[in-house]
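Computed over heavy atoms, backbone and side chain alike; hydrogens, waters and symmetry mates excluded.
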Amino acid sequence: MEKEQECHLASIPPYFADEKDRVWVGVHFGSRGLGHKTATYFLNAGGAQDGMDVDPLVLHVRSSLGADYLACMTLAGRYAYAGRDWVCAEVARLLGAKIVEEIHNHHNYAWKESHGGRDLWVVRKGATPAFPGQKGFVGGSMGDKSVILEGVESEEASQSLYSTVHGAGRVMSRTAARGKVNRRTGEVIKPGVVSKEMMREWVQKERVELRGAGTDESPHCYKRLPEVLEHHKNSIKILHTLTPLGVAMAGENEFDPYKD
Ligand SMILES: Nc1nc2c(ncn2[C@@H]2O[C@H](COP(=O)(O)O)[C@@H](O)[C@H]2O)c(=O)[nH]1
Ligand SMILES: [Mn+2]
């Protein structure tokens with residue numbers, strides 16, 4: 001690492017080197033467990049039906065339940081920011097680095113915004129805001145380059161309500177990748193498509209130091225980010241390309257009581 005004193009934060013914790021050999025620390029987690037519990041509480045309280053094809057529960061933002069939901073969502077968002085900040089600071093400390101720039105972005109969250117003179121609640125599922133000049137971190141995979149990008153003004157950008165992708169996206173489900181095993185008997189119900197050897201081979205070729213990770217997170221599970229970003233080239237500008245150096249994530253048998 002040429003500049004040990006400089007460290008940039010992107011919002012997996014891997015760390016990367018950019019095109020000028022500057023170090024970036026990236027994390028990708030938030031409030032999944034808390035968010036799920038919150039949503040479940042409000043769905044039950046609002047009398048939502050259960051099932052894939054049922055009508056959605058609609059709560060008015062000015063109803064007591066709606067206002068409480070928004071307050072809880074905002075709190076869960078702050079909890080996500082705080083957790084990411086803590087992990088980035090800890091990785092920077094371990095690297096002996098000083099943080100010189102921070103880029104935060106949520107996904108799977110709702111924002112109150114004005115578009116074309118209309119006040120809207122914009123829910124970005126698997127997407128992040130990318131208003132002109134707004135920077136964001138978009139992950140590839142543990143064995144692919146990631147990017148720091150910013151939104152640009154264009155017809156396409158406006159049509160997307162100034163949103164972009166938050167990752168390359170999956171080509172297979174977690175279950176398809178790792179297979180299905182009977183937890184009690186250990187019997188393999190369906191073998192996984194991706195083996196540990198395949199995952200190891202990929203990261204070794206890319207010279208990435210990997211700690212933890214199940215095969216459901218292997219690069220084989222994701223699209224290639226440059227191809228995805230090519231489809232978005234009119235609404236974003238790539239500022240930095242980040243090459244992964246080290247990636248740490250929970251192992252396949254790790255117990256996470258918070259599920260975040
Ligand atoms: N830089 C990294 N990006 C990664 C890694 N594993 C996945 N990804 C990308 O991020 C999103 C994660 O999405 P989610 O659905 O799990 O929230 C995904 O689309 C990938 O492209 C990684 O280890 N490093
Ligand atoms: Mn995510």
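- Taken together through direct or relayed side-chain contacts under 4.5 Å among Ile, Leu, Val, Met, Phe, Trp and Tyr, Val61 and Tyr41 form part of one hydrophobic cluster.
- No side-chain heavy atom of His36 sits under 4.5 Å from any side-chain heavy atom of Arg32.
- Residue-environment remark: CZ (Arg174) exceeds the threshold of 12 foreign heavy atoms within 6.0 Å.
- In this structure Arg224 satisfies the salt bridge (Lys or Arg N to Asp or Glu O under 4.0 Å) test together with Asp144, sequence neighbours excluded.
- Under the 4.5 Å side-chain heavy-atom criterion for ILVMFWY residues, no single connected hydrophobic cluster contains both Leu120 and Val58.
- Within the 4.5 Å cutoff, the side chain of Thr38 has no heavy atoms near those of the Leu75 side chain.
- A distance-only check finds no donor-acceptor pair linking the side chain of Thr175 to the backbone of Ser173 [under 3.5 Å].
- Tracing side-chain contacts under 4.5 Å through hydrophobic residues (I, L, V, M, F, W, Y), one reaches Leu65 starting from Met73; they form part of the same cluster.
- Side-chain atoms of His166 and Asn108 include no donor-acceptor pair closer than 3.5 Å.
- In summary, of the residues considered (Val91, Val87, Asp85), a side-chain contact (heavy atoms from CB on, under 4.5 Å) with Val27 occurs for Val87 alone.
- Glu102 contributes atom CD, which lies 14.5 Å from atom CZ of Phe137 (distance to the nearest 0.5 angstrom).
- Between Tyr109 and His106, the two ring planes are tilted [angle within 30° to 60°].
- Within the 4.5 Å cutoff, side-chain heavy atoms of Val203 are placed close to those of Met142.
- Put simply, Trp111 and Tyr69 are part of the same group of oily side chains (I, L, V, M, F, W, Y) that touch within less than 4.5 Å, one to the next.
- Remark: side-chain polar atoms of Trp202 are not paired, donor with acceptor, to backbone N or O of Pro219 under 3.5 angstrom.
- In this structure, NZ in Lys37 is found 14.0 Å from SG in Cys72, a value given to the nearest 0.5 Å.
- Note that CZ of Phe16 and NZ of Lys145 are 11.5 Å apart. Values are rounded to the nearest 0.5 Å.
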Check: residues 232-243 side-chain donor-acceptor pairs under 3.5 Å, at least two apart:
| unit_1 | atom_1 | unit_2 | atom_2 | d |
| --- | --- | --- | --- | --- |
| Lys233 | NZ | Glu230 | OE2 | 2.7 |
| Asn234 | ND2 | Glu156 | OE2 | 2.7 |
| Ser235 | OG | His232 | O | 3.2 |
| His240 | ND1 | Glu19 | OE2 | 2.6 |
| His240 | ND1 | Arg22 | NH2 | 3.4 |

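- Under the salt bridge (Lys or Arg N to Asp or Glu O under 4.0 Å) rule, Lys196 has a single partner from Glu252, Glu201, Glu217, which is Glu252.
- Distance check, rounded to the nearest 0.5 Å: CG of Leu245 to CZ of Arg207 gives 11.5 Å.
- Between the Ser195 side chain and the Met198 main chain, a donor and an acceptor come within less than 3.5 Å of each other.
- Under a hydrophobic clustering in which Ile, Leu, Val, Met, Phe, Trp and Tyr are joined whenever their side-chain heavy atoms come within less than 4.5 Å, directly or via other members, Leu149 and Val152 fall into different clusters.
- With rounding to the nearest 0.5 angstrom, the CZ atom of Arg93 is 11.5 Å from the CD1 atom of Ile99.
- Atom CG of Asn182 has more than 12 heavy atoms from other residues, nucleotides or ligands within 6.0 Å.
- Note that the CZ atom of Phe131 and the CD atom of Glu153 stand 10.0 Å from one another [nearest 0.5 Å].
- In this structure, Arg84 forms a cation-pi arrangement with Tyr81, its terminal cationic atom sitting closer than 6.0 Å to the ring centre and no more than 45° off the ring axis.
- Within the 4.5 Å cutoff, no side-chain heavy atoms of Met249 are placed close to those of His28.
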